[in-house]
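I have placed the structure first, in the form of C-alpha cells, so that the comments after it can refer back to it.
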Amino acid sequence: MAKLLIYTADAEFADALIRSLRREGHFCKVVEDEETALREIRGQGYSLILLDDAPALPSVKDLRNWSAMPIMLLVEPTRLPNQSTPIEADDAIVKPVREEELIFRVQNLCTRSRGSSYKTENSSREVENLTLDEDRYEFRLDGVPVSLTFREFELLKLLMKNPGHVFDRERLLDLVWGADYIGGARTVDVHIRRIRSKIEVGGRPFISTVRGVGYKFNEGTR
C-alpha cells in the first residue's frame, strides 16, 4: 500500500483513478490548487505524485521545486507533441488510462522510490542555524520549522541559494511571482518584511537591503 497524491482539476478523472487505486489498497488524496498541493507535499508521507498534464496546473519542473518525490505524468494524446524527451517526470501514461497499466506503473515507481532517497545535490543549506531543506520543503530556525507562505518560501529560498547576490525588486517579481504578475514591486518589500519578522529573531540579519536596488542574503551573519 502506498500514499498517493493526485493533482488534477478534473473531478471525474480523479474519481476513476481513486476507484482503481483504492482497490489495490492505496491511499489517495486529490488536490486541485497550488496552496492545497503545497500543504500536502510539505506534510510528507507520500510515495508518489500523479500529475495531470493540464495547462492550468503546474508543470513537472514546478513540482520539482517543491519536492523530490517521484512524479507520474498523465498526458492527453493531443499534448504529446509538447512533451520534451526524455520526459522530466519519472514516468508517464497516455490517456485514457488503462487500469492494469496504471496499477503496474504506480507499483513500479513506489517500489523504486523505497530504494532511493530521491535527494538531489545541494538539497539542504544552512546559515547561522537557518536551514533550508528542499526535500521536506521547509525552513528551520534553530531546528524549529518556520511557518512561511508559498511566496515567502520561494523568495527566501531564491535569496538563500544565491548568497551575496543583489536582486532588484523587478527581478524578484519575475523569478518568484512570474513575468505575468501585475502587482507592484512593493509586494516584494511586504514579503521581505514578513520573512524578516519570522527569521531575524535575536538580532540575526539574514537579509540585507541594498538601498535603491533591492535585497541580498548575507553569506555570514555574525
Side-chain angles (χ1 to χ4, degrees), residues 2-14 16-18 21 28-44 46-97 101-102 105-106 108-110 112-113 116-123 132-138 148-162 167 171-183 191:
K3 189 175 180 182
L4 311 174
L5 186 66
I6 301 172
Y7 200 160
T8 179
D10 186 335
E12 185 176 346
F13 180 49
L17 293 175
I18 289 172
L21 294 167
C28 302
K29 171 74 174 182
V30 177
V31 294
E32 58 182 46
D33 64 87
E34 189 174 280
E35 291 296 331
T36 306
L38 277 169
R39 186 169 60 249
E40 291 296 323
I41 290 172
R42 286 174 178 173
Q44 294 296 294
Y46 287 96
S47 301
L48 174 66
I49 301 173
L50 287 83
L51 174 64
D52 196 0
D53 179 47
L57 297 182
S59 66
V60 173
K61 185 177 181 179
D62 292 329
L63 288 189
R64 293 292 189 215
N65 291 327
W66 302 353
S67 172
M69 77 177 70
I71 299 171
M72 178 181 291
L73 195 62
L74 310 168
V75 191
E76 291 282 358
T78 55
R79 288 182 58 81
L80 282 175
N82 298 328
Q83 298 299 320
S84 60
T85 53
I87 61 172
E88 295 176 317
D90 297 272
D91 200 355
I93 297 182
V94 178
K95 301 177 183 177
V97 175
E101 181 181 4
L102 173 68
R105 288 177 178 268
V106 165
N108 181 55
L109 274 184
C110 289
R112 283 167 49 191
S113 70
S116 171
S117 64
Y118 280 89
K119 292 186 181 294
T120 56
E121 187 178 0
N122 297 326
S123 61
L132 164 62
D133 189 334
E134 292 188 77
D135 292 327
R136 293 182 179 275
Y137 204 87
E138 70 178 14
L148 298 169
T149 66
F150 171 62
R151 299 300 180 195
E152 289 169 356
F153 184 95
E154 292 299 312
L155 181 55
L156 181 54
K157 181 178 75 170
L158 175 64
L159 292 172
M160 188 175 186
K161 292 183 71 172
N162 296 275
F167 291 91
R171 183 60 175 157
L172 290 172
L173 279 176
D174 286 346
L175 292 172
V176 177
W177 280 263
D180 57 348
Y181 180 71
I182 60 175
H191 281 72

Worksheet entry | Glu32: salt bridge (charged side-chain N to carboxylate O under 4.0 Å, His left out) partners, not counting sequence neighbours | none
Worksheet item: What is the minimum heavy-atom distance between Leu48 and Pro70, and which atoms define it?
Response: CD1-O, 3.3 Å
Worksheet, complete the sentence: Residues passing the salt bridge (charged side-chain N to carboxylate O under 4.0 Å, His left out) test with Lys95, sequence neighbours excluded, are Asp52, Glu76
Worksheet item: What's the spacing between Ile71 CD1 and Leu63 CG if we round to 0.5 Å?
Response: 4.5 Å
Discussion item. So which atom in Ala37 and which in Leu5 form the shortest heavy-atom distance, rounded to 0.1 Å?
Written reply: O-CD2, 4.5 Å
Worksheet entry | Partners passing side chain to side chain donor-acceptor pair (under 3.5 Å) against Asn162 (at least two apart in sequence or in another chain) | none
Worksheet item: Just wondering, do Leu73 and Ile87 contact through their side chains at under 4.5 Å, heavy atoms?
Response: no
Discussion item. Any salt bridge linking Lys157 with Glu154? Criterion: basic side-chain nitrogen under 4.0 Å from a carboxylate oxygen.
Written reply: yes
Practice prompt. Measure the spacing between CD1 of Ile6 and CD1 of Ile18 and express it to the nearest 0.5 Å.
Written response: 5.0 Å
Worksheet item: What distance do Leu148 atom CG and Leu38 atom CG have between them, rounded to the nearest 0.5 Å?
Response: 11.5 Å
Worksheet item: Do you know the tightest heavy-atom contact between Leu4 and Cys110?
Response: CD2-SG, 4.0 Å
Worksheet, complete the sentence: Residues at least two apart in sequence or cross-chain that pass ring-ring contact (aromatic ring centres under 6.0 Å, His included) with Phe13, listed by chain then number, are none
Worksheet entry | Minimum heavy-atom distance between Pro77 and Val94, given as atom pair plus value | CG-CG1, 3.8 Å
Item to complete: Please list all pairs passing the salt bridge (charged side-chain N to carboxylate O under 4.0 Å, His left out) test where one or both residues lie in residues 78-87, with sequence neighbours left out.
Response: Asp53-Arg79
Practice prompt. Please report the closest heavy-atom contact between Thr149 and Glu152, naming both atoms and the distance.
Written response: N-OE1, 3.0 Å
Discussion item. Contact between Leu132 and Leu156 at the side-chain level, heavy atoms closer than 4.5 Å - yes or no?
Written reply: no
Practice prompt. Check step by step if side-chain contact (heavy atoms from CB on, under 4.5 Å) holds for Cys28 and Leu50.
Written response: CA-CA 10 Å; Cys28 302; Leu50 287 83; over 6 Å; no
Worksheet item: With sequence neighbours excluded, what pairs up with Asp91 under the salt bridge (charged side-chain N to carboxylate O under 4.0 Å, His left out) test?
Response: Arg105
Practice prompt. Quick one: pull up OH in Tyr7 and CG in Leu74 and give me the separation to the nearest 0.5 Å.
Written response: 13.5 Å
Item to complete: Specify the closest pair of heavy atoms between Leu102 and Leu17, including all atoms of both residues, with the distance to one decimal.
Response: CD2-CD2, 3.7 Å
